[in-house]
Participant: 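My questions all concern the structure below.
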Number of protein chains: 2
Amino acid sequence: MAAVNLKQLAKILNLSISTVSKALRDSHEIGDATKERVLAKAKEMDYTPNPFASGLRRNKSKTIAVVVPEVANNYFSLAINGIERIAQENDYHVLIYLTHEDIEKEKGIMKHLENKRVDGVLMSVTMNTNNQSHLSDFQQKGIPIIFFDRICNEIETAKITTDDYISGMNATNHLIENNCKDIAFLSLGDDISIMQKRKSGYLEELHKNNMEAPPERVIKCGNDDEMNYDLIKKLLSGKNKPDGIFASVEKLAITTYQVCRELNINIPKEVKIICFSNLETASLLSPSLSTITQPAYNIGKTAAEVMFKYLDKNKTYIPNENIVLQSTLHIRESSQQIV
Amino acid sequence: MAAVNLKQLAKILNLSISTVSKALRDSHEIGDATKERVLAKAKEMDYTPNPFASGLRRNKSKTIAVVVPEVANNYFSLAINGIERIAQENDYHVLIYLTHEDIEKEKGIMKHLENKRVDGVLMSVTMNTNNQSHLSDFQQKGIPIIFFDRICNEIETAKITTDDYISGMNATNHLIENNCKDIAFLSLGDDISIMQKRKSGYLEELHKNNMEAPPERVIKCGNDDEMNYDLIKKLLSGKNKPDGIFASVEKLAITTYQVCRELNINIPKEVKIICFSNLETASLLSPSLSTITQPAYNIGKTAAEVMFKYLDKNKTYIPNENIVLQSTLHIRESSQQIV
DNA sequence: ACTATTTACGCAAACGATGTAGTAATTTTA
DNA sequence: TAAAATTACTACATCGTTTGCGTAAATAGT
C-alpha cells in the first residue's frame, strides 16, 4: 500500500541509498551489473521516485501551469489539448487554472504559483487585464511565462498569436464585398491587445473603403451574457441597425444569432455575420456561420514547445519572440449576399 | 528573485525556524506579539511555503488529478469547470490528464500518479476501459478515486452519474411518440457502463412497445471520426434506413447531421434524431437538435465536493455510493414529427 | 614492482518545512 | 514558599532524493 522508497530498495539490494539512486539515474559511477540488478528490483517492486522529494532537492517540479479565462470554450479547450499533448511527451504535468475573466482571480492564481510549484506558465490573460504588474512580478521570481492568444505586450517573453490584424481586415473586407454598408464590431472589452488588433483591422478596412463607422458601431461587450444579449438586442432593434456584424469572439456571434431569432431578423438577408470561432458545428448552424478559425490546437502545441525548448536548457529567461500562426477564413451562409 | 524561505525569515526576525513556522501556522505555543511580528514580516517579504517541502513532510500534495478522455468536448470541459471551482475554494490545485480514449495511455497516467503526486483522482474512463486492474491497483496505493459519468462499477468508491437508463428510455419513447418505427442506436464502443445503461433504456423501451430492433440497429461507433462517418453513412444509405436515430454522445449526432447533409436526407422528415449533448448551439442548428442534456458542471462540482469531503477528514477510503443527477430532455426540431 | 589512475561504491550534507521533545523563565497552586 | 504547571520559545530529527566527496580495491603505466 505505502509507496516503496529508496531506503527499502537499498536494504533489500544490500546497497547504499546513494548507489541505488545513482543506478536508477544511470550514473557512470555505478557498475553495469549493479545497475541491472537495481533496475530489475525497482521494476519488480514498482518503485517510482517521490516527486516531492525530487522536486525539493532538484528545484524542479516537472509541472507547468495553464492559466486561461475558461475551459468550456472551444478555443481554449483545443489549445489545452495541444499543450497537454506536448507536456505528456516531455514527461511533464499540467496544472490548470481558470480566471473566469476576473483579474483579481488571475492575480491570486499567480500569487499561488510564485513558490516554484511550477517550472513555467502558459497563459491567456483575462479580458480585463490592463495592468501587468502581477505578471512582471511573477516573472521576476524566475518562473518563465509564455503567452498565447491573449498576450501581454509589456512583458518580455515569447508570445504565440494569430494574424489578428490581417484577419480583422479580411473579415471586414469580406462583409464589404458582400455589400454591407454599415458594419458593427462586437468587442470583448477593449483592454487586451488581441481586441485592439482585431478592431484595428476592422477600422482600417473601413477606412480603406471610405466607410468609417461612428464610434457607437463598436460595441464593448463583456463577460456577462445577459448584458451582452441586451447590448446586441439594442444594436439590432429599431431601423438604424447595421447590416453587418463582425464578432470578435464566438460567444458574441452565438448571442447575436439568439437575438436575431428573437427579433425575427433574417441572417444573412438583413444582417450578415462573421466571427472568430472554433465552433465545430459552425457549418451546421442555421444559417451556417462564417468564421475566422484560429489554429487553436497548434497554438497550444507551439506555446508548450517553446516553453520546453527553454526548460530543457534550464533557461528561465525567455527573450521576446512573436510567433504568428495563420487563421483561416471559412465563408459560409451567414455572411454571404443572397444572389 | 529567489523565493524567501523560513530560514531567511527566521534570521531577520531573530527567531528560530521552528518558531517562525509555528507562528505562521498559528500554533498555541507561540505568543501573540511574536505571531504578529512574524505574520507582518512574512507578508512584507512575500513568504509562501515551499509546496515540495510541505508536501514531502506532511505527505499531502494539495492537488487532485482529473483524468478524462478529452477536453475539447462540451461535456468534459463543463465538468472540469465545476471541478476547478471547488478545487479553488478548497485551496487545491488541479492536474489534468487526457487519455484520448486510449486505455494504454490511461494505464500510463495512473502509473504516473501512483507516487503520491496527488491526493485524489477524479476520472471518467475511456470508452475502451473494459478491465479495471490498473484502477484497483491504483486504489490499493491508498489514493482515492472518484468516478463521474464514465464510471467503473467494479471499483468500490463514490460514483457520480446521471439517470442514463431512464434517459435512454425517455429519448427512445420520445422518438416512438413522434412516429418512429425503426430506431437505431449509435453507441460509443460497448464496454463501459454508461453505454450499457443508455442502450438498455433504448432496448427496454423498444420492448415495451413491441418494437424490438434487430441487432444491427445498434451501431458500435468508436473514436475514429472517419470510421464513424462511414458507419453512419452505411446505416443511412439505401432504402432500409431507420427513421429514428438515438445517438449516445454528441459527436455522433454531429456526424449524423453531416452524413444527412451529404446524402440529402431531411431531418426530421426522413429521419429523426436525438442525442446526449451539452452543445450550447443545439437550438441554433439546422434543424435545431433535440438533446438529453446532462448537468455537466454540477456533476464535476459534485464529484469534487465528495472528494474533498473525504480528503478533509484524511480518509483515503471512499465507500461505495451512487450519486445520480438528473438529465433534462430538450425537445427541438430534429426529433419532432412535422404536423 | 611501485606509483598513478580508474572503477565502484558508501557517507553525509543538503533541499525547506514540520512537529516532538526539551528548557529556561514565569505563573499558579496548596 | 516550595512544588507544580504553564508559557514561550529553541534544538533536532525527519520526510525521500540527490550529489559532492571520500575511499578501498582494481587496473594501468613505466
Side-chain angles (χ1 to χ4, degrees), chain A residues 1-39 41-42 45-63 91 114-119 141-142 314, chain B residues 1-39 41-42 45-63 91 114-119 141-142 314:
Chain A
M1 159 139 174
V4 45
N5 59 21
L6 278 187
K7 198 197 283 189
Q8 299 164 33
L9 249 186
K11 192 189 292 178
I12 290 182
L13 287 162
N14 234 334
L15 289 169
S16 76
I17 292 178
S18 51
T19 302
V20 176
S21 171
K22 286 170 185 168
L24 290 171
R25 319 195 100 254
D26 201 27
S27 159
H28 65 94
E29 293 183 57
I30 305 299
D32 291 339
T34 310
K35 273 184 194 171
E36 272 182 49
R37 212 161 61 90
V38 172
L39 260 330
K41 202 67 178 178
M45 298 189 60
D46 212 20
Y47 168 80
T48 67
N50 180 307
F52 291 93
S54 308
L56 176 59
R57 180 59 223 244
R58 315 187 78 186
N59 204 27
K60 275 263 171 204
S61 61
K62 282 277 185 182
T63 304
D91 251 304
E114 279 183 359
N115 48 14
K116 300 298 283 171
R117 180 181 289 276
V118 295
D119 296 341
K141 301 278 176 178
N314 266 308
Chain B
M1 162 142 171
V4 44
N5 59 22
L6 279 187
K7 197 197 283 190
Q8 300 163 34
L9 248 186
K11 192 189 292 179
I12 289 181
L13 287 162
N14 234 336
L15 289 169
S16 76
I17 292 179
S18 47
T19 302
V20 177
S21 171
K22 285 171 186 165
L24 290 171
R25 319 195 100 253
D26 202 27
S27 160
H28 66 96
E29 292 184 56
I30 306 299
D32 290 340
T34 310
K35 273 184 193 169
E36 272 182 48
R37 212 159 62 87
V38 172
L39 259 331
K41 203 68 179 176
M45 298 188 61
D46 211 21
Y47 168 79
T48 67
N50 180 307
F52 292 92
S54 308
L56 176 59
R57 181 61 222 248
R58 313 185 80 182
N59 205 24
K60 275 264 171 202
S61 62
K62 282 277 187 181
T63 305
D91 250 302
E114 279 183 359
N115 49 14
K116 299 297 282 172
R117 180 180 288 276
V118 295
D119 296 341
K141 301 277 176 177
N314 265 310

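Naming convention: chains lettered A, B, ... in sequence-line order (proteins, then strands); numbering from 1 in each chain.
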Participant: Nearest whole Å is fine: how far is C:dT20 P from B:Arg58 CZ?
Facilitator: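 Value for this atom pair: 11 Å.
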
Participant: Has B:Thr19 got a side-chain N or O lying under 4.0 Å from the OP1 or OP2 atom of D:dA8?
Facilitator: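 Looking at the OP1 and OP2 atoms of D:dA8, neither is under 4.0 Å from any side-chain N or O of B:Thr19.
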
Participant: Between atom OH in A:Tyr47 and atom C1' in D:dT17, what is the gap in whole Å?
Facilitator: 7 Å

Participant: With respect to the side chain of B:Lys7, which nucleotide from D:dT17, C:dG16, C:dC15 is positioned closest?
Facilitator: C:dC15

Participant: Is there a donor and acceptor pair closer than 3.5 Å between the side chain of B:Lys22 and the base of D:dT10?
Facilitator: yes

Participant: Return whichever of B:Gly31 or A:Val4 has its heavy-atom-nearest nucleotide of DNA chain D closer to the 5' end.
Facilitator: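 Here B:Gly31 is the residue nearer the 5' end.
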
Participant: Start at the 5' end of DNA chain D and walk down; is the nucleotide closest to A:Arg25 or to A:Glu29 reached first?
Facilitator: A:Arg25

Participant: B:His28 NE2 to D:dT7 P: how many Å, rounded?
Facilitator: 9 Å

Participant: Within this structure, what is the CG-CG distance for the pair A:Asn50 and B:Leu56, rounded to the nearest 0.5 Å?
Facilitator: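 Here the rounded value is 6.0 Å.
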
Participant: Report the nucleotide, chosen from D:dT10, C:dG16, D:dT17, that has the shortest atom-to-atom distance to any side-chain atom of B:Leu56.
Facilitator: C:dG16

Participant: What is the separation between atom CG on B:Asn14 and atom P on D:dT10, rounded to the nearest whole Å?
Facilitator: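 These atoms are roughly 9 Å apart.
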
Participant: Just how far, in rounded Å, is P of D:dC15 from CG of B:Asn115?
Facilitator: 18 Å

Participant: By the 4.0 Å heavy-atom rule, please label A:Ser21 as base, sugar-phosphate, or nothing.
Facilitator: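 Counting heavy atoms under 4.0 Å across all strands, the contact made by A:Ser21 includes a base.
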
Participant: Touch check for B:Ser27, heavy atoms < 4.0 angstrom, all strands: base, sugar-phosphate only, or nothing?
Facilitator: nothing

Participant: Please determine whether a side-chain nitrogen or oxygen atom of B:Ser16 lies at a distance below 4.0 Å from atom OP1 or OP2 of D:dT10.
Facilitator: yes

Participant: Figure out the CG/P separation between B:Asn59 and D:dG16, and round it to whole Å.
Facilitator: 8 Å

Participant: Whether the side chain of A:Asp119 engages the backbone of A:Lys62 through a donor-acceptor N/O pair (distance < 3.5 Å, no angle test) should be reported.
Facilitator: yes

Participant: Which value, rounded to the nearest 0.5 Å, describes the distance between A:Ile30 atom CD1 and A:Leu24 atom CG?
Facilitator: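 Between atom CD1 of A:Ile30 and atom CG of A:Leu24 there are 10.0 Å.
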
Participant: Just to confirm, is there a sub-4.0 Å distance from OP1 or OP2 of D:dG16 to any side-chain nitrogen or oxygen of A:Asn50?
Facilitator: no

Participant: Taking the side chain as every heavy atom from C-beta outward, state whether B:Asp26 and B:Lys35 have any pair of such atoms under 4.5 Å apart.
Facilitator: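 Answer yes - side chains close enough.
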
Participant: Less than 3.5 Å between a donor and an acceptor, one on the side chain of A:Lys60 and one on the base of D:dT17, is that the case here?
Facilitator: no

Participant: To the nearest Å, give me how far apart CD1 (B:Ile30) and P (D:dT7) are.
Facilitator: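 The answer, rounded to whole Å, is 13 Å.
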
Participant: Step by step, work out the side chain to side chain contact (heavy atoms under 4.5 Å, CB included) result for B:Asn59 and A:Phe52.
Facilitator: CA-CA 9 Å; B:Asn59 205 24; A:Phe52 291 93; over 6 Å; no

Participant: Of all the heavy-atom pairs spanning A:Leu13 and A:Arg37, show the shortest one and how long it is.
Facilitator: O-NH2, 3.1 Å

Participant: Taking all atoms of both residues into account, what is the closest heavy-atom pair of B:Pro49 and A:Asn115, and its distance?
Facilitator: O-ND2, 3.2 Å

Participant: Do B:Val38 and B:Lys22 have side chains that get closer than 4.5 Å, going by heavy atoms?
Facilitator: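 The answer is no; the side chains never approach within 4.5 Å.
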
Participant: Extract from the structure each pairing of a protein N or O with an N or O of nucleotides 12-14 of chain C at less than 3.5 Å, listing the distance.
Facilitator:
| unit_1 | atom_1 | unit_2 | atom_2 | d |
| --- | --- | --- | --- | --- |
| C:dA14 | N3 | A:Arg57 | NH1 | 3.0 |

Participant: Let me know the distance between CD of B:Glu36 and P of D:dC9, rounded to the nearest Å.
Facilitator: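 Value for this atom pair: 12 Å.
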
